[in-house]
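What follows is one structure encoded as structure tokens, with my remarks underneath.
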Amino acid sequence: NSKNINFYIIPGNHDFSISQNYFTLENIQIITSPIIINFGENNKSISFLFIPYKTNKSIGEILSEQENKLKNFKDNFMGKKHKYKRYKSY
């Protein structure tokens with residue numbers, strides 16, 4: 001039954017204007033800003049950082065803005081010495 005499954009839609013550069021009002025089902029969520037979502041329970045969970053496309057912003061800029069949230073990830077998401085500037089949006 002599809003109502004028991006949560007769907008997360010992350011807008012990209014071709015559909016960045018998509019919004020929640022396009023959908024009527026409650027189990028569909030449009031990710032409009034960077035967010036960390038945990039899946040699973042207790043010690044068997046995994047966390048994901050969802051980053052929707054933003055016009056005129058690189059992935060590096062967005063990751064830098066989310067640095068405080070990323071500190072909660074084990075090993076500081078990508079490692080403490082990771083250079084966010086290596087990422088560019090295409």
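Below, each value reflects all heavy atoms present in this structure, side chains not excepted, and no hydrogens, waters or symmetry copies.
- By the 4.5 Å heavy-atom criterion applied to side chains, F39 and I46 are counted as neighbours.
- Looking at residues two or more places apart in sequence or on another chain, you find no side-chain hydrogen bond (donor to acceptor under 3.5 Å, both in side chains) involving S17.
- Under the side-chain hydrogen bond (donor to acceptor under 3.5 Å, both in side chains) criterion, Q29 pairs with no residue, sequence neighbours left out.
- Between P52 and I62, the shortest heavy-atom distance links the atoms O-CD1, 4.3 Å.
- Using cut-offs of 30° and 60° on the angle between ring planes, the pair Y53 and F16 is tilted.
- Separation of atoms CZ (F48) and CD1 (I31) is listed at 12.5 Å; rounding is to 0.5 Å.
- With sequence neighbours left out, I9 forms a side-chain contact (heavy atoms from CB on, under 4.5 Å) with F23, I28, I30.
- Note that CD of E65 is 10.0 Å distant from CD1 of I51, once rounded to the nearest 0.5 Å.
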Inset, instruction - Apply the test salt bridge (charged side-chain N to carboxylate O under 4.0 Å, His left out) to residues E61 and K54: give CA-CA distance (whole Å), side-chain angles for both, the deciding distance (0.1 Å), then the verdict. - result: CA-CA 10 Å; E61 290 172 308; K54 295 292 180 192; over 6 Å; no
